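Below is one structure, written out as structure tokens; comments come after it.
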Amino acid sequence: MIIVMEPTATEEQIQKANAKMQALGFKTILNRGEVMTVIAAIGDKRLVQTQAIEAIDGVREVKLIQEPFKFASRESHKDDSVIELGRGVKIGGGEPPVIMAGPCSVEDDKEGLLKVAVAIKSAGGQILRGGAFKPRTSPYDFQGLEETGLKYLAEAREKTGLLIVTEVMDSQDVELVADYADIVQIGARNMQNFKLLKAVGKAKKPVLLKRGPAATIKEFLLAAEHIMYAGNPNVILCERGILGVDSAYTRNTFDIASIPVIKKYSHLPIIADPSHATGRRYLISPMAQAALIAGADGLMIEVHHDPDKAYSDGAQSLTIEQFEAVMKEIDEIIKFKNARKK
Ligand code: PEP
Ligand code: MN
């Protein structure tokens, strides 16, 4: 950490700031310039309130050198994390991309869900997605089947061998959802629901954390930090688009650059969700391919057996046939990437 003193700071103020840093356990080096003095404070600053240092008279600015997140940071974990998801599926590092697909909501048509699950498995997907607890913008929209939906997902897992990922919206439901799911999802709207992050931090299942629609990359990684600090190291990040200036053509702005940025600053796996990022069926394939080229460790894609009748997100849901075609295109990209590695 660097403490920049005001040019007008008195010797007494410089000594006071220096002593404060030492009292907090930092080794300090004073650099006296012609105009101003800076104090280099060496040590782990993460548990120090920088505002308290900025409040010292004569301090102009406190600059952080290390990232504000620790467990999620590459500074403290140089190699990519590889997370075991169950049934031999791993995500992160050099593992093949993991494909999570399925309907937006688990609906009361169980046969429809099974049909989609069978198709995902035979097209080469590993994980079935589907919301049983749905975060809806309007209270009049379908809110999800709750535990019945979890049961349908578990049945689809038994029939197909796919793993399941599903969202939890309330800290009180974490145990219930984690009992059924292989991966517990935190939706974009709850990325900064800190009580919920702490609750999934205590759960024994990996967590898929989606980026909030207006969250910076730093806020996203700090949300992951909350889960990890609470005791769960198995966090998978998901870029699902952020609010942009133009929602006429795409639902959100797919921040593809966040994938390599996050890979630079964090060791955690990151997947992309082109469905929620774009909101349009025809954009899923190009954005899925782009995400893989950018380094995504997996994809989340919405697929419905009859998208026109979907209870939610029909416009962005692929038909089974469209999903199969996208999987072939993804396969080409994976082959291309593997060939380049050699
Ligand atoms: C979802 O994946 O079901 C979902 C609601 O997405 P998001 O939280 O990204 O909006
Ligand atoms: Mn959806």
Side-chain angles (χ1 to χ4, degrees), residues 98-107 112-113 116 120 125 127-139 141-146 149-150 152-153 163-170 173 177 181-193 196-197 200 206-215 219-220 223-224 227 235-244 247 250-256 258-259 270-281 283-284 287-288 291 296 298-319 323:
V98 172
I99 309 300
M100 313 183 186
C104 180
S105 304
V106 179
E107 301 171 1
L113 179 71
V116 169
I120 290 165
I127 301 177
L128 175 66
R129 65 143 286 141
F133 293 90
K134 290 303 302 175
R136 304 310 302 280
T137 303
S138 164
D141 288 338
F142 178 60
Q143 304 290 309
L145 297 181
E146 304 195 346
L150 298 174
Y152 288 2
L153 286 168
L163 299 173
I164 57 181
V165 57
T166 193
E167 178 162 353
V168 62
M169 286 170 54
D170 190 315
D173 296 324
V177 175
D182 300 290
I183 304 169
V184 176
Q185 177 173 325
I186 300 292
R189 291 160 190 78
N190 272 318
M191 191 205 82
Q192 283 186 318
N193 179 339
L196 183 58
L197 298 180
V200 295
V207 177
L208 178 74
L209 176 66
K210 298 189 98 180
R211 181 175 179 184
E219 286 165 338
F220 189 19
I227 300 171
V235 179
I236 304 153
L237 302 166
C238 177
E239 171 58 57
R240 47 76 75 202
I242 49 177
L243 294 173
S247 58
T250 67
R251 180 175 175 178
N252 288 295
T253 295
F254 184 29
D255 183 8
I256 198 158
S258 79
I259 297 167
I270 174 160
I271 68 161
D273 171 351
S275 305
H276 291 91
T278 68
R280 305 283 187 280
R281 236 169 260 164
L283 292 171
I284 310 303
M287 293 305 99
L299 296 166
M300 173 171 267
I301 297 176
E302 285 187 338
V303 188
H304 195 279
H305 61 286
D306 189 357
D308 293 346
K309 297 211 177 83
Y311 290 0
S312 55
D313 288 349
Q316 69 196 33
S317 298
L318 301 182
T319 62
F323 175 70

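Order of appearance sets the numbers: ligands from 1, and atoms from 1 within every ligand. Keep in mind it's a predicted model, so treat the numbers as computed, not measured.
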- Any side-chain heavy-atom pair from N190 and P135 closer than 4.5 angstrom? no
- Counterpart residues, side chain to side chain contact (heavy atoms under 4.5 Å, CB included), relative to R280 (two or more places apart): Y282, L283
- Query: Do I164 and D182 have side chains that get closer than 4.5 Å, going by heavy atoms?
  - Reply: yes
- Query: So which protein N/O/S atoms does the Mn ion (ligand 2) have within less than 2.8 Å?
  - Reply: C104 SG, H276 NE2, E302 OE2, D313 OD2
- Item | Any side-chain heavy-atom pair of D306 and D308 under 4.5 Å | yes
- Item | Within-4.5 Å side-chain heavy-atom neighbours: I284 and I301 | yes
- Task: Supply the atom-to-atom distance M100 CE to S275 OG, rounded to the nearest 0.5 angstrom.
- Result: 12.5 Å
- Task: Please list, by chain and number, the protein residues whose heavy atoms come under 4.0 Å of ligand 1.
- Result: R129, K134, P135, E167, Q185, G187, A188, R189, K210, R240, H276
- Do Q143 and S105 have side chains that get closer than 4.5 Å, going by heavy atoms? no
- Message: In the structure I gave you, are the side-chain heavy atoms of I271 and V98 within less than 4.5 Å of one another anywhere?
- Response: no
- Output all residues satisfying salt bridge (charged side-chain N to carboxylate O under 4.0 Å, His left out) with D173, sequence neighbours left out; order by chain, then residue number. none
